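Report on one structure; see the data block that follows.
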Amino acid sequence: MRWKYGIYTVCAAGAAVVSAQKTPFQYVDPLIGTVNGGHVFPGATLPFGMAKACPDTDADENQGGFSSDNSSIIGFSHMHDSGTGGARSLGNFPIFAQAGCPNGDINACNYTSWERATPRINGTVHAKPGYFDITIASGVRAEMTTTNRTALYRFTFPEAPLTPNTTLSPLISLELQDLPNTRTNASININGQSGRLTAGGSFSPSFGIGRYSSFVCVDFKGATIKDAGVFSNSRATTKVKSLKAITETERYAERPAGGFVQFEKPTSNNQILVRVGLSFLSETQACRNAEREQADFDFDGTVAAAEKVWTEKFDVIKIVAGGASEVIQTAFWSGVYRSMISPQDYTGENPLWNSNEPYYDSYYCIWDSFRSIHPLITLLDPHSQTLMVRSLLDIYKHEGFLPDCRMSFCKGFTQGGSNADIVIVDSYMKNITHGIDWNLAYEAVVTDAEVEPPNWDIEGRGGLEAWKTLGYIPTENLDLQGVGTETRSISRTVEYAYNDFVIATLALALGHTADYNKYLRRSGNFYNMFKADQNSTINGTDTGFTGFLQPRYMNGTWGLQDPIFCSPLLDFTGCYLNPSGRETYEGPVWLYTFFAPGDMKTLIKTLGGADTFVKRLDFFHDSGMAYIGDEQAFLKVFLYHYAGRPAKSAERAHFYIPSQFNDTINGIPGNDDSGAMGSFEALTMMGIFPNAGQDVYFITPPFFESVSITNGQTGKTATIKNVNFDPSNKNIYIQSATLNGKAYTKNWLQHSFFLEGGTLELTLGAAESAWGTRPEDVPPSLSAFGNGTTEERRWEMPQVPQLDIGSW
Ligand SMILES: *[C@@H]1O[C@H](CO)[C@@H](O)[C@H](O)[C@H]1NC(C)=O
Ligand SMILES: *[C@@H]1O[C@H](CO)[C@@H](O)[C@H](O)[C@H]1NC(C)=O
Ligand SMILES: *[C@@H]1O[C@H](CO)[C@@H](O)[C@H](O)[C@H]1NC(C)=O
Ligand SMILES: *[C@@H]1O[C@H](CO)[C@@H](O)[C@H](O)[C@H]1NC(C)=O
Ligand SMILES: *[C@@H]1O[C@H](CO)[C@@H](O)[C@H](O)[C@H]1NC(C)=O
Ligand SMILES: *[C@@H]1O[C@H](CO)[C@@H](O)[C@H](O)[C@H]1NC(C)=O
Ligand SMILES: *[C@@H]1O[C@H](CO)[C@@H](O)[C@H](O)[C@H]1NC(C)=O
Ligand SMILES: *[C@@H]1O[C@H](CO)[C@@H](O)[C@H](O)[C@H]1NC(C)=O
Ligand SMILES: *[C@@H]1O[C@H](CO)[C@@H](O)[C@H](O)[C@H]1NC(C)=O
Ligand SMILES: *[C@@H]1O[C@H](CO)[C@@H](O)[C@H](O)[C@H]1NC(C)=O
Ligand SMILES: *[C@@H]1O[C@H](CO)[C@@H](O)[C@H](O)[C@H]1NC(C)=O
């Protein structure tokens with residue numbers, strides 16, 4: 001997803017310190033991607049944790065809460081989404097700390113977000129997984145850490161407050177608001193003796209429909225309570241200790257209101273600890289979460305526990321750097337880190353239905369995450385991926401459809417196909433099976449393929465009648481079954497086609513032979529929008545390539561969309577998800593014409609054979625048309641494999657990394673979308689980018705001397721080793737390979753390598769070789785060119801691994 005394209009220029013995040021002894025944990029820089037449209041959440045969180053604490057800024061680009069620019073800090077809030085392209089997300093109930101109110105007058109303190117806005121002090125930001133630290137111009141230092149559902153803040157106040165006539169008597173406020181200002185029906189209660197503050201309210205999701213409720217329970221430690229009260233707009237009182245039903249309608253959603261507690265001078269180190277328990281169920285549950293997870297207000301212990309949990313996550317990967325640069329190592333570990341902050345585990349917090357199944361949220365969005373985030377989680381943390389798949393199926397069971405996007409218990413917007421199908425089938429192919437009801441899973445994906453929902457902007461697919469009868473999504477479609485944004489006919493067609501392809505492979509594995517044939521046939525619908533004589537010119541000059549996807553009306557006649565339209569070369573912003581969008585989504589026809597991941601062999605043949613295909617792919621990357629900051633571009637780096645040119649995929653990997661993925665605060669080229677950019681760089685640097693939905697990893701040389709991954713299901717370790725590794729990246733060409741000592745000529749791997757363990761040894765050289773170039777070396781495809789007729793197609797995919805339901 002890309003909704004905002006950054007305008008910031010390069011700005012280094014501090015020179016990397018060279019040290020041979022740095023741990024993976026120490027390599028992580030959470031601040032990467034906090035300017036330039038990355039929208040990364042850089043604050044404190046546990047893996048897939050609900051609590052995500054960070055300072056919130058008043059920058060335009062504060063989707064993830066914080067931004068590494070000169071913007072001011074308006075508060076500290078406890079839940080966020082990372083890397084979103086849409087609106088700001090969550091950020092409910094921000095707290096703010098002031099050292100005292102001038103002249104002891106509570107009305108001289110600041111309450112509204114614009115009054116609170118305080119610049120940061122340069123150089124005071126320190127972030128590491130599970131911890132964030134900043135000092136603002138008032139001299140107040142704010143440190144934060146988290147358990148799964150509780151944020152813990154440690155505020156350190158200046159001995160002498162900087163405001164005139166102020167003695168140290170800290171005031172900590174909480175506003176009944178979220179980052180996008182959507183609050184309604186909020187309430188707050190403050191206990192004047194204990195200081196305990198509980199609050200709740202109703203809010204809007206940031207890229208979806210509906211409302212959700214959120215609750216907090218706040219306790220303090222470190223100072224005697226002086227008084228407490230509430231505020232409305234910029235006026236405060238200590239006479240009232242609760243507010244009810246603040247702004248019943250959204251019309252007044254932005255009106256400031258909240259409560260505060262004021263303290264005597266803190267008892268030690270001028271510090272006050274603030275514990276914020278979180279819940280989506282109730283204030284009581286928020287207090288319970290806080291008491292259970294953070295009984296002792298143990299700040300340093302919590303930071304240490306977070307380090308331990310993150311270190312365990314990173315421990316499944318072992319890198320022998322072999323001289324790989326600090327930039328590469330920092331980008332790599334930070335990418336791995338960002339791939340594991342979402343989706344969030346909200347199990348036990350679901351107000352919508354009762355279930356014993358896990359509940360994960362912030363699949364934000366699956367259009368972005370199916371390509372590399374979920375495959376990476378599958379590889380590094382199969383247990384979590386299993387829980388996520390079960391959670392998706394439980395959502396299907398209770399909502400009637402799988403989500404394509406979901407956040408804050410609300411249905412999010414669908415960008416293209418029903419891509420949860422791909423997440424599910426990818427998991428099936430990779431032995432993510434424990435506790436998964438595959439009959440339910442099959443029912444869920446078939447529902448996507450067969451049943452059009454009344455509103456297909458938020459689930460399922462639109463135009464299914466045309467899909468089944470005409471075999472494509474027409475422009476200006478007559479759709480009597482449901483409503484949705486009638487754009488993206490081309491990109492929806494190619495995505496639906498691939499969704500049907502993966503459904504076919506699951507049908508085959510589960511023994512539904514008739515369905516297998518049906519969905520395989522429908523996966524060929526790609527070609528119903530392929531106009532074989534379509535050319536593409538740039539400013540009047542023919543690019544020399546013929547044959548592109550084009551819009552098509554119900555009567556079969558062709559429309560026209562310039563194949564470069566919606567690329568950086570022509571009207572880059574013309575294809576967003578709105579009614580004025582066009583027939584492709586966030587990218588040009590050029591890009592979508594490459595999207596036939598289940599049958600690249602047919603596509604290559606259609607586009608004129610391997611040599612022409614390689615030239616076309618080169619042109620796409622070199623002409624300025626490719627934008628690697630949006631997820632649909634990722635696979636295009638590796639499609640050379642299908643044309644028997646794995647060396648060119650390796651070249652492209654280095655073409656984009658580190659020039660577009662690096663260790664600076666602006667070090668990713670687009671919205672991270674819950675870790676999509678991070679997972680792309682991590683998988684690419686490990687040399688095993690996946691073709692999501694299939695049991696296929698493209699082999700390219702890792703960016704390190706060797707990479708080992710220990711599988712969480714079998715405990716086996718798989719190692720990919722570069723012989724003649726050269727950190728200056730001249731030897732990026734595989735000359736020969738061995739798998740467990742035997743010659744290996746295929747240019748792709750299957751997941752069984754990671755399940756069974758072993759060693760893939762790649763011998764590198766400075767020039768492209770014959771390795772992996774023969775037709776029998778390339779990844780599997782449907783073989784015959786057949787315009788979608790089953791008879792002409794022969795199934796060439798390898799058998800799925802023996803599924804073995806073990807225990808965790
Ligand atoms: C911060 O502000 C300074 C001075 O106004 C300006 O030179 C600098 O470019 C700004 N930095 C960012 C990241 O906006
Ligand atoms: C309140 O905000 C103003 C700026 O808006 C600032 O000058 C003042 O110091 C703040 N007061 C306190 C008590 O922090
Ligand atoms: C912070 O430092 C940056 C450069 O690192 C500078 O551009 C900016 O002006 C500084 N901001 C303040 C508020 O001093
Ligand atoms: C935090 O949540 C994870 C799952 O998301 C779970 O494995 C872990 O045990 C939880 N930690 C604690 C301390 O409850
Ligand atoms: C500080 O306090 C003194 C004495 O109460 C008062 O005269 C003065 O106006 C105050 N100054 C400010 C800036 O509030
Ligand atoms: C707020 O609460 C009132 C009264 O319960 C209800 O009528 C209204 O729909 C609620 N508004 C929202 C936006 O939740
Ligand atoms: C497309 O280009 C080819 C080759 O340059 C040319 O033969 C053909 O006439 C062109 N087609 C159209 C519709 O312009
Ligand atoms: C097909 O439909 C399109 C769009 O309604 C229309 O412009 C075109 O003239 C039609 N072509 C034929 C042959 O009917
Ligand atoms: C096409 O021509 C226009 C006008 O000369 C120019 O601004 C634009 O950059 C050109 N585009 C490309 C892709 O060359
Ligand atoms: C780092 O990546 C960003 C985002 O893609 C890019 O703009 C910048 O030029 C890169 N910086 C370096 C030093 O390569
Ligand atoms: C599949 O995963 C299970 C654990 O869920 C494990 O016991 C089994 O060995 C794995 N199967 C294969 C083929 O590796």
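Indexing begins at 1, ligand by ligand and atom by atom, following the structure's order. Since we're looking at a predicted model, the values are computed, not measured.
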Ring centres under 6.0 Å, that's the criterion: do [X] and [Y] meet it?
X	Y	result
His80	Phe66	no
Phe332	Phe703	no
Tyr346	Phe409	yes
Tyr337	Tyr27	no
Phe754	Tyr697	yes

Does Thr433 come within less than 4.0 angstrom of ligand 11, counting non-hydrogen atoms of the residue?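 It does not, in that no heavy atom of Thr433 comes within the 4.0 Å cut-off of ligand 11.
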Under 4.0 Å from any heavy atom of [X], which atoms of ligand 11 are there?
X	answer
Thr714	9 (O), 14 (O)
Leu755	12 (C), 14 (O)
Gln713	2 (O), 4 (C), 5 (O)

Under 4.0 Å and counting heavy atoms only, is there anything from the protein next to atom 7 (O) of ligand 4?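 There is no protein heavy atom less than 4.0 Å from atom 7 (O) of ligand 4.
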Any protein heavy atom at under 4.0 Å, with atom 13 (C) of ligand 4 as the reference point?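 No.
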Going by the atom numbers of ligand 10, which of them fall below 4.0 Å from some non-hydrogen atom of [X]?
X	result
Pro658	14 (O)
Gly667	2 (O)
Asn662	1 (C), 2 (O), 3 (C), 8 (C), 10 (C), 11 (N), 12 (C), 14 (O)
Ser659	1 (C), 2 (O), 6 (C), 8 (C), 9 (O), 10 (C), 14 (O)
Asn666	2 (O), 3 (C), 4 (C)
Gln660	2 (O), 4 (C), 5 (O)

Nitrogen or oxygen atoms of His434 and ligand 11 under 3.5 Å apart: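 Checking ligand 11 against His434, no N or O pair falls under 3.5 Å apart.
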Would you say the side chains of Gln632 and Glu586 form a donor-acceptor pair under 3.5 Å?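 No, no side-chain donor-acceptor pair sits under 3.5 Å.
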Parallel, tilted or perpendicular for Trp353 and Tyr359, by the 30°/60° rule?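 Because their plane-to-plane angle is over 60°, the rings of Trp353 and Tyr359 count as perpendicular.
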How are the rings of Tyr363 and His374 set relative to one another: parallel (under 30°), tilted (30 to 60°) or perpendicular (over 60°)?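 The rings of Tyr363 and His374 lie parallel, inter-plane angle below 30°.
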Report yes or no: does Ser391 contribute a side-chain atom to a donor-acceptor pair with the main-chain N or O of Leu387 at less than 3.5 Å?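 Checking the backbone N and O of Leu387 against the side chain of Ser391, no donor-acceptor pair under 3.5 Å is found.
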Could you list which atoms of ligand 4 come closer than 4.0 Å to a heavy atom of Asp345?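 Close to Asp345: 4 (C), 5 (O).
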Is the shortest side-chain N to carboxylate O distance from Arg338 to Glu681 below 4.0 Å?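 So Arg338 pairs with Glu681 through a salt bridge.
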Using a plain distance cutoff, I'd like to know if Asn148 has any nitrogen or oxygen under 3.5 Å from a nitrogen or oxygen of ligand 4.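 Checking ligand 4 against Asn148, an N or O pair does fall under 3.5 Å apart.
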